[in-house]
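Just below is one structure, and these are the notes that go with it.
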Amino acid sequence: MNSEYAKKIELKTTPRNGRMVYEVKFPLAGSGMDALKLHDRAIGFNLIVNVEDGRGREGFCFIAERPGKDEDSAKWPLLTFD
């Protein structure tokens with residue numbers, strides 16, 4: 001991912017029912033992905049969230065196994081497209 005594409009990614013965080021909800025929009029244009037090829041398919045996706053509340057980094061949250069510890073993408077959640 002290049003820095004120009006990264007600037008186009010939209011992130012919204014919302015507290016909901018005692019949890020933090022992350023909504024992310026990845027624009028297709030500039031991603032190198034083809035909409036026709038993605039239709040009805042899935043890709044592996046992992047995410048790391050840096051916990052930083054203004055008092056210094058306190059830790060990280062992951063949605064799959066910690067990056068760097070296990071790089072097996074077969075264990076990552078899948079993003080699907082329709």
Side-chain angles (χ1 to χ4, degrees):
M1 174 185 320
N2 66 45
S3 61
E4 289 305 311
Y5 178 75
K7 291 176 186 175
K8 297 176 185 177
I9 296 172
E10 296 177 32
L11 173 65
K12 178 181 174 185
T13 57
T14 309
R16 188 179 302 154
N17 300 323
R19 295 181 174 200
M20 187 62 70
V21 176
Y22 295 86
E23 296 177 64
V24 183
K25 291 183 181 180
F26 296 97
L28 191 59
S31 70
M33 295 184 279
D34 182 302
L36 292 175
K37 291 180 182 177
L38 289 175
H39 184 71
D40 294 332
R41 296 189 184 180
I43 60 172
F45 180 78
N46 201 352
L47 176 72
I48 179 173
V49 178
N50 181 20
V51 180
E52 163 55 281
D53 61 3
R55 297 178 293 176
R57 183 183 306 161
E58 296 178 9
F60 300 95
C61 300
F62 309 95
I63 61 171
E65 185 67 39
R66 182 171 57 114
K69 182 176 181 186
D70 187 350
E71 297 294 331
D72 183 359
S73 61
K75 296 179 181 177
W76 296 355
L78 297 176
L79 292 180
T80 57
F81 303 86
D82 40 53

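We number each residue from 1, following the sequence as shown.
For the pair Y5 and S31, the tightest heavy-atom approach, listed with the atom from each and the gap, is OH-CB, 3.5 Å.
Applying the salt bridge (Lys or Arg N to Asp or Glu O under 4.0 Å) criterion to K7, with sequence neighbours excluded, gives E4. For E10, there are no salt bridge (Lys or Arg N to Asp or Glu O under 4.0 Å) partners, not counting sequence neighbours. Checked against side chain to side chain contact (heavy atoms under 4.5 Å, CB included), R16 has the following partners two or more places apart in sequence or in another chain: V21, E23.
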